[in-house]
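First comes the structure, then the notes that go with it.
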Amino acid sequence: MALPEVTTHQDRLLTVNINVEPALPTESEGVTITPLFLDREQSIWVLYGRFAPGTQLPAHFHTGTVHFFTTKGAWNYLEYPDDPQTAGSYLYEPGGSIHTFAVPSNATEAAEGFMVVHGANINFVGGEYQSIMDAGAIEESILNAVRAGMIGMPSYIRPKGGAKFSSD
């Protein structure tokens, strides 16, 4: 069998280096993200996150699955205190799960990790709806910060396309 012809041409590799790209601040104090891949239409977002000691994020409901690989530090979900995630831990979270992310306040270093998220996080504060975070919301917050001159445009992978007719 002969080698197939290229069906998806690439002039160069699609690659992002977390040691080169800036970590972007978020609405949560002590939390930065480096966007790696944002696909609004498939609702897939890939981020590298850094969470300072004492960070506690709102409780959130996952509409899809999450893969999280911890690279530094330690964290846990408040609902699962006996299952801390430490450097080298891989966590799979099924869609429909609810968690409250926290880094111990006595941690000696920030927790860091790489996450692949399908769908959205529906965030709650005090049991009441607060916000939705998905690939589109993340990208809009980045683009708004760029337009406002707060940050330069970061490099991340964004699939070409957009919904349209194939004849367009």
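Computed from a prediction, not measured in an experiment: that's the story for all the values here.
Using a 3.5 Å distance cut-off with no hydrogens or angles, the side chains of Asn123 and Ser131 do pair a donor with an acceptor. Between the side chains of Glu21 and Tyr48, no donor-acceptor pair is found at a separation under 3.5 Å. Side-chain N/O atoms of Glu93 and Tyr77 include a donor and acceptor closer than 3.5 Å.
Of all non-hydrogen atoms in Leu78 and Ala102, the two that sit nearest each other are CD2-CB, 3.7 Å. The minimum heavy-atom distance linking Ala74 with Ala111 is given by the pair O-CB, 3.6 Å. Closest of all the heavy-atom pairs between Pro159 and Asp39 is CG-OD2, 3.4 Å. Here the closest heavy-atom approach between residue Ser155 and residue Val16 is recorded as O-CG1, 3.8 Å. Between Pro53 and Ser105, the shortest heavy-atom contact is CB-O, 4.1 Å.
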>> Using side chain to side chain contact (heavy atoms under 4.5 Å, CB included), reason through Thr34 and Leu36 one step at a time and then give a plain yes or no.
In response: CA-CA 6 Å; Thr34 302; Leu36 304 173; 4.2 Å; yes
>> Run the side chain to side chain donor-acceptor pair (under 3.5 Å) test on Glu79 and Thr100 for me, step by step, so that the C-alpha distance in whole Å, both residues' side-chain angles and the decisive distance to 0.1 Å come before the verdict.
In response: CA-CA 7 Å; Glu79 296 81 3; Thr100 307; 2.7 Å; yes
> Phe61 and Phe124: side chain to side chain contact (heavy atoms under 4.5 Å, CB included), yes or no, with the steps?
Replying inline: CA-CA 8 Å; Phe61 172 84; Phe124 294 86; 4.2 Å; yes
> When you look at Phe114 and Val46, which way does the side chain to side chain contact (heavy atoms under 4.5 Å, CB included) test go after all the steps?
Replying inline: CA-CA 7 Å; Phe114 170 81; Val46 181; 3.5 Å; yes
>> I'd like to know whether Glu112 forms a side chain to side chain contact (heavy atoms under 4.5 Å, CB included) with Phe51, so could you lay out the CA-CA distance, the side-chain angles of the two residues, the decisive distance to 0.1 Å, and finally the verdict.
In response: CA-CA 6 Å; Glu112 296 185 24; Phe51 309 89; over 6 Å; no
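One hydrophobic cluster holds both Val117 and Leu24 under the rule that ILVMFWY side chains link at heavy-atom gaps under 4.5 Å. A continuous path of ILVMFWY side-chain contacts below 4.5 Å connects Ile33 to Met115, so both sit in one hydrophobic cluster. A continuous path of ILVMFWY side-chain contacts below 4.5 Å connects Val116 to Ile18, so both sit in one hydrophobic cluster. Val125 and Ile132 fall into different hydrophobic clusters, where Ile, Leu, Val, Met, Phe, Trp and Tyr are joined by side-chain heavy atoms under 4.5 Å apart, directly or via other members. Hydrophobic clustering of Ile, Leu, Val, Met, Phe, Trp and Tyr side chains at less than 4.5 Å, counting indirect connections, unites Leu91 with Trp45.
Taking a 6.0 Å sphere around OH of Tyr80, one finds it holds 12 or fewer heavy atoms contributed by other residues, nucleotides or ligands. Within 6.0 Å of atom CD in Gln10, more than 12 heavy atoms from other residues, nucleotides or ligands are found, so the atom counts as buried in its surroundings.
A 4.5 Å side-chain heavy-atom check between Pro154 and Ile142 finds at least one atom pair inside the cut-off. Contact annotation: the side chain of Val66 never approaches that of Tyr92 to less than 4.5 Å [non-hydrogen atoms, C-beta and beyond]. Here the side chains of Pro94 and Thr65 are not in contact, with every heavy-atom distance at 4.5 Å or above.
For the pair Gln85 (side chain) and Asp83 (backbone), a donor-acceptor distance under 3.5 Å is present. Formation of a donor-acceptor pair under 3.5 Å by the Thr26 side chain with backbone atoms of Ser28 is found in this model. With Ser43 contributing its side chain and Gly119 its backbone, the two residues share a donor-acceptor pair below 3.5 Å.
The CE atom of Met133 sits 5.0 Å away from atom CG of Asn121, with the distance rounded to the nearest 0.5 Å. Between the CD1 atom in Ile157 and the OG1 atom in Thr15 there is a gap of 6.5 Å [rounded to 0.5 Å]. Interatomic distance, Ile122 CD1 to Asp134 CG, rounded to the nearest 0.5 Å: 8.0 Å. Of the inter-residue distances, the one linking Glu139 atom CD with Asn144 atom CG reads 10.5 Å to the nearest 0.5 angstrom. Atom-to-atom distance recorded for Ser89:OG and Phe68:CZ is 10.0 Å, nearest 0.5 angstrom.
A salt bridge links Arg40 with Glu140: the distance from a Lys NZ or Arg NE/NH1/NH2 to an Asp or Glu carboxylate oxygen falls below 4.0 Å. One finds no salt bridge joining Glu41 and Arg158 here, because no Lys/Arg side-chain nitrogen approaches an Asp/Glu carboxylate oxygen to under 4.0 Å.
Close placement of the Phe101 and Trp75 rings is indicated, their centers lying within 6.0 Å of each other. For His99 and His62, the distance between ring centers is under 6.0 angstrom.
By the salt bridge (charged side-chain N to carboxylate O under 4.0 Å, His left out) test, Arg12 is found to be paired with no residue, residues two or more places apart in sequence or in another chain being considered.
No option in Leu38, Leu47, Ile138 other than Leu38 meets the side chain to side chain contact (heavy atoms under 4.5 Å, CB included) test with Tyr156.
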